[in-house]
Amino acid sequence: MSKRAKKNEQEAGDGDHDNGTAPAAKKGKKVKEPEAPILYSDPPDKMNSKDGRAANMKITSWNVDGLRAWVKKKGLDWVRDEAPDVLCLQETKCAEKSLPDEITSMPEFPHKYWAGSDEKEGYSGVAMLCKTEPLKVTYGIGKEEHDKEGRVITAEFPTFFLVTAYVPNSGRGLVRLDYRKTWDVEFKAYLSDLDKRKPLVLCGDLNVAHEEIDLKNSKGNKKNAGFTDSFRELYPEQANAYTFWTYMMNSRSKNVGWRLDYFVLSSALLPGLCDSKIRNQAMGSDHCPITLHMVV
């Protein structure tokens with residue numbers, strides 16, 4: 001089984017999820033026609049906050065499931081069309097020395113930051129590409145146990161912090177559940193300390209479904225992440241809006257998915273929230289990109 005297939009395990013389940021396929025019909029019984037998939041269409045972007053201010057910051061986040069393969073699949077063409085101020089990538093699976101020229105030479109983003117696993121080539125990894133240079137950039141959360149896996153980059157801007165993260169999953173059979181529990185406590189403490197200094201935006205693959213509405217088959221996958229979720233703030237009842245589909249069982253064409261990718265905002269930034277987008281038509285990974293419009 002591929003590593004990406006294993007990612008289906010949400011934080012309260014073992015990954016033996018119903019992928020929306022019908023059981024084999026008993027001999028002699030009429031086979032029921034499969035239901036048509038319920039798809040999600042990303043609505044037009046809202047470019048103003050509720051109090052009428054125009055968005056002046058656009059951030060895109062994408063778990064690329066292997067940077068080098070994603071570049072070959074023309075992921076950068078989509079990025080150029082989207083034209084964010086900041087591009088955050090997760091699961092790059094690429095050491096800095098092995099980065100493709102197509103991305104290291106991008107003039108659109110003169111300020112580029114990379115973090116990878118110290119011990120495993122082709123594992124984990126995050127990146128942040130910025131049009132404007134941050135005041136400061138740091139790597140990790142100050143805990144060697146976590147930081148050696150290259151999961152977090154934090155950029156400080158004048159009015160907020162931006163944190164991009166590739167949160168570890170518990171793994172098939174919950175083999176890393178204890179590690180994930182430790183991570184959750186220490187990562188939350190890290191974010192809380194940042195928030196005391198100035199408000200923050202957290203983006204990335206958080207490897208959890210916030211609410212039951214955020215995954216196709218919620219039985220056995222119950223978990224409340226307990227944070228402010230920009231998409232649910234704007235679209236509290238929107239169903240069938242997912243950001244990850246396993247490569248198995250034609251899940252993407254059926255829209256049997258999970259919403260694992262988020263923009264999470266400090267409450268102080270909510271008045272400047274304009275829109276939180278799910279770009280589910282963008283291909284190149286088993287995740288789709290998400291984009292945040294905000295006033296800062």
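Quick note: numbers below take in every heavy atom, side chains included, and nothing from hydrogens, waters or symmetry partners. Not measured: the values here are computed from a predicted model.
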Quick one, Cys88 with Val126, criterion side-chain contact (heavy atoms from CB on, under 4.5 Å). Give me CA distance, side-chain angles, the key distance, then yes/no. CA-CA 7 Å; Cys88 296; Val126 291; over 6 Å; no
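- Here the closest heavy-atom approach between residue Val137 and residue Ala155 is recorded as CG2-CB, 4.2 Å.
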Before you tell me yes or no, could you show the steps for Phe161 and Thr138 under side-chain contact (heavy atoms from CB on, under 4.5 Å), namely the whole-Å CA-CA distance, both residues' side-chain angles and the distance that decides it to 0.1 Å? CA-CA 11 Å; Phe161 287 105; Thr138 58; over 6 Å; no
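- With hydrogens and angles disregarded, a donor-acceptor distance shorter than 3.5 Å links the side chain of Arg232 to the backbone of Gln238.
- Linking Ile, Leu, Val, Met, Phe, Trp and Tyr residues whenever their side-chain heavy atoms come within less than 4.5 Å places Phe263 and Ile153 in a single cluster.
- Under the 3.5 Å distance criterion, the side-chain polar atoms of Thr228 are left unmatched by any main-chain donor or acceptor of Ser267.
- Heavy-atom neighbours of Asp101 CG from other residues, nucleotides or ligands within 6.0 Å: at or below the threshold of 12.
- Residues Ser98 and Glu121 form a side-chain contact, since some pair of their non-hydrogen atoms from C-beta on lies under 4.5 Å apart.
- Environment of NZ in Lys112: crowded, with over 12 heavy atoms of neighbouring residues, nucleotides or ligands closer than 6.0 Å.
- At least one side-chain heavy atom of Ile103 sits under 4.5 Å from a side-chain heavy atom of Trp70.
- In this structure the side chain of Phe109 reaches within 4.5 angstrom of the side chain of Pro84, judged on heavy atoms.
- If you take CG on Asn207 and OH on Tyr262, they are separated by 10.0 Å, rounding to the nearest 0.5 Å.
- Note that the NZ atom of Lys198 and the OG1 atom of Thr159 stand 7.0 Å from one another [nearest 0.5 Å].
- Trp183 CH2 to Glu145 CD: the interatomic distance, rounded to the nearest 0.5 Å, is 10.5 Å.
- Here Phe160 contributes atom CZ and Leu200 contributes atom CG; the two are 10.0 Å apart, rounded to the nearest 0.5 Å.
- Between Tyr113 and Cys130 there is a side-chain heavy-atom pair separated by less than 4.5 Å.
- Linking ILVMFWY side-chain heavy atoms closer than 4.5 Å, directly or via other members, places Ile278 and Val86 in a single hydrophobic cluster.
- Looking at Lys72 and Pro100, their side chains never come closer than 4.5 Å, going by heavy atoms from C-beta outward.
- Criterion: ILVMFWY side-chain heavy atoms under 4.5 Å apart, direct or through other members. Under it, Leu191 and Val208 are part of a common hydrophobic cluster.
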side-chain contact (heavy atoms from CB on, under 4.5 Å) between Asn56 and Val296, intermediate numbers included: CA-CA 7 Å; Asn56 60 3; Val296 296; 3.5 Å; yes
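- Under a 3.5 Å cut-off, the side chain of Asp214 and the backbone N or O of Glu211 do form a donor-acceptor pair.
- Of the possible donor and acceptor atoms, none in the side chain of Lys46 sits under 3.5 Å from a partner among the backbone N and O of Ser276.
- Within the 4.5 Å cutoff, the side chain of Leu87 has no heavy atoms near those of the Glu82 side chain.
- Under a 3.5 Å cut-off, the side chain of Lys254 and the backbone N or O of Met249 do form a donor-acceptor pair.
- Ring-plane geometry between Tyr235 and Phe231 is classed as tilted, the angle between the planes lying from 30 to 60 degrees on a 0 to 90 degree scale.
- Follow the hydrophobic side-chain contacts under 4.5 Å out from Leu292 and you reach Leu162 in the same cluster.
- Residues Val264 and Leu206 are in side-chain contact: their nearest non-hydrogen atoms beyond the backbone lie under 4.5 Å apart.
- Under 4.0 Å is where a charged nitrogen must lie from a carboxylate oxygen, and between Arg176 and Glu149 at least one such pair does.
- Considering Ile213, Ile290, Asn240, Asp229 in turn, Asp229 is the only one that fulfils the side chain to side chain contact (heavy atoms under 4.5 Å, CB included) rule with Arg259.
- Lys188 and Asp195 are not joined by a salt bridge, as no carboxylate oxygen comes within less than 4.0 angstrom of a charged side-chain nitrogen.
- Applying the 6.0 Å contact sphere to NZ of Lys131 captures more than 12 heavy atoms from other residues, nucleotides or ligands.
- Of the possible polar contacts, one joining the Thr246 side chain to the Met248 backbone as a donor-acceptor pair under 3.5 Å is found.
- Here the side chain of Ser285 pairs a donor or acceptor atom with the backbone of Asn63 at under 3.5 angstrom.
- Residues Lys277 and Asp45 have side chains in contact (heavy-atom distance under 4.5 Å, counting atoms from C-beta outward).
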Assess whether side-chain contact (heavy atoms from CB on, under 4.5 Å) is satisfied between Phe187 and Arg151, documenting all intermediate values. CA-CA 11 Å; Phe187 188 47; Arg151 294 187 177 275; over 6 Å; no
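- Between the side chain of Arg53 and the backbone N or O of Pro271, at least one donor-acceptor pair lies under 3.5 Å.
- Here the straight-line distance linking atom CG of Asp275 with atom CE of Met47 works out to 8.5 Å at 0.5 Å rounding.
- Between Phe244 and His287, the ring-plane angle classifies as tilted under the 30° and 60° cut-offs.
- With rounding to the nearest 0.5 Å, the separation of OG1 in Thr291 from NZ in Lys58 is 6.0 Å.
- Look at Arg180 and Asp184 and you find a salt bridge, because one of the NZ, NE, NH1 or NH2 atoms lies within 4.0 Å of a carboxylate O, short of that distance.
- Looking only at distances, a side-chain donor or acceptor of Asp147 sits under 3.5 Å from a matching main-chain atom of Ile141.
- Heavy atoms from other residues, nucleotides or ligands lying under 6.0 Å from CG of Leu39 number more than 12.
- Placement of Leu129 and Phe157 in two distinct hydrophobic clusters is found when ILVMFWY residues are connected by side-chain heavy-atom separations under 4.5 Å, directly or transitively.
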